[in-house]
Amino acid sequence: MTSPVRVRFAPSPTGFLHVGGARTALFNWLYAKHTGGKLILRIEDTDKARNTVEAVQVIYDGLKWLGLDWDEGPGVGGDHGPYFQSERDAVYQRYLEKLQAADAVYLDDKGSTRFKLPRKPIVMEDLVCGRVEVDRSKPINPLGDLEPDMTIRRPDGSWIFHFVNVVDDIEMGITHVIRGEDHLSNTPKHIELYQALGATPPLFAHIPLILNRSGGKMSKRDQGASVQQYIDDGYVPEAVANYLCLLGWSPKDNREKIALDEVASLFELDKINRRNAAFDPDKCFWLNGQYIQQMPLERFRALCQPVLEHAGLPIGGFPNDYLDGVLASVKEKIKLFKDLPAWTSYFFTDDFPFDEEAVTKTLRAPGAPERLQQLAAHLETLPAEGWNHDAIEAAFKDLAAQAGVKTAAFIHPARVAASGRSVGPSLYHLLALLGQEKVLARLRAAASK
RNA sequence: GACCCUAUCGUCCAGCGGUUAGGACAACGGACUUUCAUUCCGUGAACCCGGGUUCGAUUCCCGGUAGGGUCGCCA
């Protein structure tokens with residue numbers, strides 16, 4: 001009697017997509033993929049004060065960037081809409097009437113609507129946490145007071161999360177609720193609401209929280225907390241998604257890098273860890289580097305192009321071969337795409353910055369200008385059609401041998417002269433790519449800088 | 001405070017009623033290298049404590065402790 005799996009991600013538009021939320025979305029997505037079920041995106045915008053179109057866009061952007069698509073919800077529609085809680089008032093009204101008919105709610109002295117919490121033990125079979133029993137008939141303080149009844153509607157008519165969340169999960173036919181463990185303690189109350197509404201509760205899977213490096217709950221301020229930060233820093237989306245999978249889940253064969261498709265095929269809710277995991281920015285960064293190194297050049301180019309264009313570099317004015325040559329030369333070096341313009345601008349413009357320290361330490365070193373002149377004169381003798389890596393390397397070595405110095409004595413000033421930096425791709429590759437004419441001009445310009 | 005969840009290197013993830021407790025990140029040392037990065041090799045680093053069960057517990061049970069969560073007219 002298994003009905004098709006329907007899971008949902010139900011964020012509140014706060015203008016911020018938290019990695020914890022992103023991982024919740026990811027786990028829901030993985031489970032939908034694993035079971036061939038559907039993922040529903042529902043926007044929980046009952047708090048009018050902070051509900052803006054920009055705030056909702058942040059959610060779409062973050063999910064899409066991570067490669068997480070949804071089967072029903074904003075932008076794609078579906079049979080269970082609308083998918084914004086702010087547009088579902090009539091639905092909530094109808095369900096409220098059900099509770100009223102059952103005499104399960106009352107108005108308090110402030111005009112709030114409250115749900116009469118049944119004071120009885122509740123047993124939950126959580127797919128991650130196992131059997132959890134909560135006895136709500138026990139007092140919560142030394143005075144012997146029971147927990148107050150749950151407010152479900154404010155005097156101004158707006159709805160409270162617990163109620164609309166349950167109603168929507170019923171209406172949308174949600175079969176599995178996969179959410180953060182911070183909701184585990186709320187779940188008994190939700191179950192009582194389901195029962196009062198005559199609905200069968202879905203299955204629950206409460207996934208562990210993501211902690212910061214100090215062991216506390218990740219907050220907005222913690223490093224790595226915002227998905228937007230990864231986008232801005234130029235992380236590889238599949239690397240971040242991969243890293244998030246590793247927090248609380250494992251392929252159990254010691255692999256770290258694993259494609260999302262394969263995770264989906266292996267993903268089982270009862271294999272999710274129960275313990276909270278601290279977020280490790282270093283490991284996420286390392287994994288990102290692994291992805292860059294191992295990805296095909298086509299993917300690298302696709303990720304690089306918008307960054308270079310955004311930086312105002314005229315990459316469109318260069319042949320594809322040239323662009324690919326440049327990108328290939330830095331592919332093993334770049335760790336974050338935000339660093340890309342600094343690593344490659346000199347390939348696309350003559351108006352590139354010079355690193356001050358490199359200038360003073362290398363370009364202005366005793367003898368450096370003379371060597372640059374010598375080098376220019378020597379490289380000038382290479383025939384234009386012989387301008388390639390091996391010929392350039394041979395030229396450097398010949399010159400160094402003649403001068404009786406180490407090749408490095410020419411290499412370092414040449415690098416700074418040609419690129420403005422002391423770090424970069426293999427120098428001979430760099431010069432070969434740049435072309436003889438530009439190289440000679442830059443060596444000579446730098447000699448008199 | 002009450003209730004709930006959790007407990008293996010600093011961190012993440014394995015593991016097991018008998019193991020030299022494994023891998024990864026980070027750290028440290030070395031090799032390679034024209035820079036940077038990569039790569040390679042190596043080193044240090046863990047079963048929270050106390051009871052029980054058992055021939056034997058890191059592993060199972062109970063208690064403690066610690067951490068996290070919930071107890072909102074936030075979601």
Side-chain angles (χ1 to χ4, degrees), chain A residues 10-14 21 44-47 49-50 85 108 110-114 124 126 128-130 132-136 138-148 150-156 158-162 164-165 179-189 206 208-209 211 213-217 243 245-257 273-287 289-290 292-293 330-335 343 358 362 393 396-397 400 406-412 414-416 419 421-428 430:
Chain A
S12 177
T14 60
E44 306 221 329
D45 54 351
T46 56
D47 186 348
R50 46 185 193 181
Q85 291 188 330
D108 70 6
K110 286 181 234 158
S112 306
T113 307
R114 313 193 94 176
M124 305 180 277
D126 192 275
V128 174
C129 300
V132 178
E133 190 171 348
V134 177
D135 186 352
R136 312 192 64 74
K138 287 179 182 167
I140 61 163
N141 65 27
L143 299 176
D145 294 336
L146 293 176
E147 191 176 340
M150 180 165 57
T151 307
I152 63 171
R153 192 181 203 185
R154 302 182 186 91
D156 68 0
S158 59
W159 306 94
I160 303 297
F161 158 75
H162 300 287
V164 292
N165 185 268
R179 62 185 4 172
E181 199 208 82
D182 48 345
H183 286 298
L184 183 61
S185 295
N186 289 145
T187 303
K189 291 189 283 191
H206 286 94
L209 267 19
L211 309 179
R213 282 192 288 187
S214 325
K217 187 178 176 182
Y243 177 71
C245 289
L246 264 23
L247 255 25
W249 179 87
S250 151
K252 300 205 183 287
D253 56 8
N254 285 338
R255 278 183 298 168
E256 313 291 329
K257 184 168 180 273
N273 251 172
R274 296 188 194 184
R275 62 189 289 223
N276 293 161
F279 187 89
D280 184 351
D282 288 332
K283 188 157 182 177
C284 185
F285 182 76
W286 168 81
L287 192 58
Q290 295 293 302
I292 290 180
Q293 280 174 40
V330 297
K331 184 166 171 287
E332 313 301 317
K333 314 277 183 176
I334 291 287
K335 294 304 227 33
W343 277 77
T362 307
E393 177 172 6
F396 267 78
K397 290 190 169 160
K406 289 198 279 187
T407 317
F410 286 96
I411 284 174
H412 296 308
R415 175 184 297 287
V416 177
S419 72
R421 295 159 56 89
S422 57
V423 299
S426 155
L427 182 71
Y428 306 129
L430 189 163

Please determine whether a side-chain nitrogen or oxygen atom of [X] lies at a distance below 4.0 Å from atom OP1 or OP2 of [N].
{"X": "Ser185(A)", "N": "rC4(B)", "answer": "no"}
{"X": "Thr46(A)", "N": "rA75(B)", "answer": "yes"}
{"X": "Asn273(A)", "N": "rC13(B)", "answer": "yes"}
{"X": "Lys189(A)", "N": "rC3(B)", "answer": "no"}

Answer yes or no: is there a donor N or O on one side and an acceptor on the other, between the side chain of [X] and the main chain of [Y], under 3.5 Å?
{"X": "Asp253(A)", "Y": "Arg255(A)", "result": "yes"}
{"X": "Asn141(A)", "Y": "Gly144(A)", "result": "yes"}
{"X": "Thr187(A)", "Y": "His183(A)", "result": "yes"}
{"X": "Asp45(A)", "Y": "Gln85(A)", "result": "yes"}
{"X": "Lys257(A)", "Y": "Gln290(A)", "result": "no"}
{"X": "Arg415(A)", "Y": "Pro425(A)", "result": "yes"}

Could you measure between the two [atom1] atoms, the one in [N] and the one in [M], and give it in whole Å?
{"N": "rU54(B)", "M": "rG17(B)", "atom1": "C1'", "answer": "8 Å"}
{"N": "rG23(B)", "M": "rA45(B)", "atom1": "C1'", "answer": "14 Å"}
{"N": "rC48(B)", "M": "rG10(B)", "atom1": "P", "answer": "11 Å"}
{"N": "rU65(B)", "M": "rA46(B)", "atom1": "P", "answer": "26 Å"}
{"N": "rA26(B)", "M": "rU20(B)", "atom1": "C1'", "answer": "25 Å"}
{"N": "rG56(B)", "M": "rU39(B)", "atom1": "C1'", "answer": "45 Å"}
{"N": "rA7(B)", "M": "rG15(B)", "atom1": "P", "answer": "13 Å"}
{"N": "rG67(B)", "M": "rG72(B)", "atom1": "C1'", "answer": "24 Å"}

Would you indicate which nucleotide in [options] comes nearest to any side-chain atom of [X]?
{"X": "Arg275(A)", "options": "rC5(B), rC12(B), rU34(B)", "result": "rC12(B)"}
{"X": "Val132(A)", "options": "rC12(B), rC5(B), rA37(B)", "result": "rC5(B)"}
{"X": "Ile140(A)", "options": "rU34(B), rG68(B), rC71(B)", "result": "rC71(B)"}
{"X": "Gln85(A)", "options": "rU35(B), rU34(B), rA75(B)", "result": "rA75(B)"}
{"X": "Trp343(A)", "options": "rG68(B), rC36(B), rC73(B)", "result": "rC36(B)"}
{"X": "Lys217(A)", "options": "rU11(B), rC73(B), rU70(B)", "result": "rU70(B)"}
{"X": "Lys252(A)", "options": "rA14(B), rC73(B), rU35(B)", "result": "rA14(B)"}

Nearest-Å distance for atom pair [atom1]/[atom2], residues [X] and [N]:
{"X": "Met150(A)", "N": "rU70(B)", "atom1": "CE", "atom2": "P", "result": "16 Å"}
{"X": "Leu184(A)", "N": "rU70(B)", "atom1": "CG", "atom2": "P", "result": "11 Å"}
{"X": "Lys406(A)", "N": "rU35(B)", "atom1": "NZ", "atom2": "P", "result": "10 Å"}
{"X": "Arg421(A)", "N": "rU35(B)", "atom1": "CZ", "atom2": "C1'", "result": "10 Å"}
{"X": "Arg153(A)", "N": "rC74(B)", "atom1": "CZ", "atom2": "C1'", "result": "18 Å"}
{"X": "Phe279(A)", "N": "rU11(B)", "atom1": "CZ", "atom2": "C1'", "result": "12 Å"}

Using a heavy-atom cut-off of 4.0 Å across all strands, would you classify [X] as base, sugar-phosphate, or nothing?
{"X": "Phe410(A)", "answer": "nothing"}
{"X": "Gly248(A)", "answer": "sugar-phosphate"}
{"X": "Asp145(A)", "answer": "nothing"}
{"X": "His206(A)", "answer": "nothing"}
{"X": "Asp253(A)", "answer": "nothing"}
{"X": "Ser250(A)", "answer": "sugar-phosphate"}
{"X": "Ile160(A)", "answer": "sugar-phosphate"}
{"X": "Pro139(A)", "answer": "sugar-phosphate"}
{"X": "Ser422(A)", "answer": "base"}
{"X": "Ala278(A)", "answer": "sugar-phosphate"}
{"X": "Arg274(A)", "answer": "sugar-phosphate"}
{"X": "Pro148(A)", "answer": "sugar-phosphate"}

Q. Can you tell me how far CZ of Arg421(A) sits from CG of Leu430(A), rounded to the nearest 0.5 angstrom?
A.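 Atom-to-atom, Leu430(A):CG and Arg421(A):CZ are 10.5 Å apart.
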
Base [N] paired with [X] side chain (donor-acceptor, <3.5 Å):
{"X": "Ser112(A)", "N": "rC73(B)", "value": "yes"}
{"X": "Ser426(A)", "N": "rU35(B)", "value": "no"}
{"X": "Lys138(A)", "N": "rC3(B)", "value": "no"}
{"X": "Arg415(A)", "N": "rU34(B)", "value": "yes"}

Q: Determine whether Arg153(A) and Ser112(A) make a side-chain contact, defined as any pair of heavy atoms from C-beta on separated by less than 4.5 Å.
A: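 Not touching, per the 4.5 Å side-chain cut-off.
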
**Q.** With sequence neighbours excluded, residues passing ring pair (Phe, Tyr, Trp, His ring centres under 6.0 Å) with Phe285(A)
**A.**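 For Phe285(A) there are no ring pair (Phe, Tyr, Trp, His ring centres under 6.0 Å) partners, ignoring immediate neighbours.
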
Heavy-atom pair with the smallest gap, counting every atom of [X] and [Y]:
{"X": "Asp108(A)", "Y": "Arg114(A)", "result": "OD2-CD, 3.7 Å"}
{"X": "His206(A)", "Y": "Gly180(A)", "result": "CD2-O, 3.3 Å"}
{"X": "Arg136(A)", "Y": "Ser185(A)", "result": "NH1-O, 4.4 Å"}
{"X": "Phe279(A)", "Y": "Arg213(A)", "result": "O-CG, 3.4 Å"}

Q.
Closer than 4.0 angstrom, basic N to acidic O: yes or no for Lys189(A) and Glu147(A)?
A.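 Glu147(A) and Lys189(A): salt-bridged.
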
Q) Pick the nucleotide of RNA chain B nearest each of Asn141(A) and Leu209(A); which residue has the one closer to the 5' end? A)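 Its nucleotide being nearer the 5' end, the pick is Asn141(A).
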
Q | Comparing Met124(A) and Lys110(A) on RNA chain B - which has the more 5′ nearest nucleotide | A |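 The residue mapped nearer the 5' terminus is Met124(A).
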
Q | Dot-bracket encoding of pairs in RNA chain B, which uses [ ] for pseudoknotted crossings and | for another strand, Watson-Crick or G-U under 3.5 angstrom | A | (((((((..((((....[...)))).(((((.......)))))....(((((..]....))))))))))))....

Q: If a protein heavy atom is under 4.0 Å from the base, mark B; if only from the sugar-phosphate, S; if neither, -; do that for nucleotides 20-32 of chain B going 5' to 3'.
A: --BBBBS------

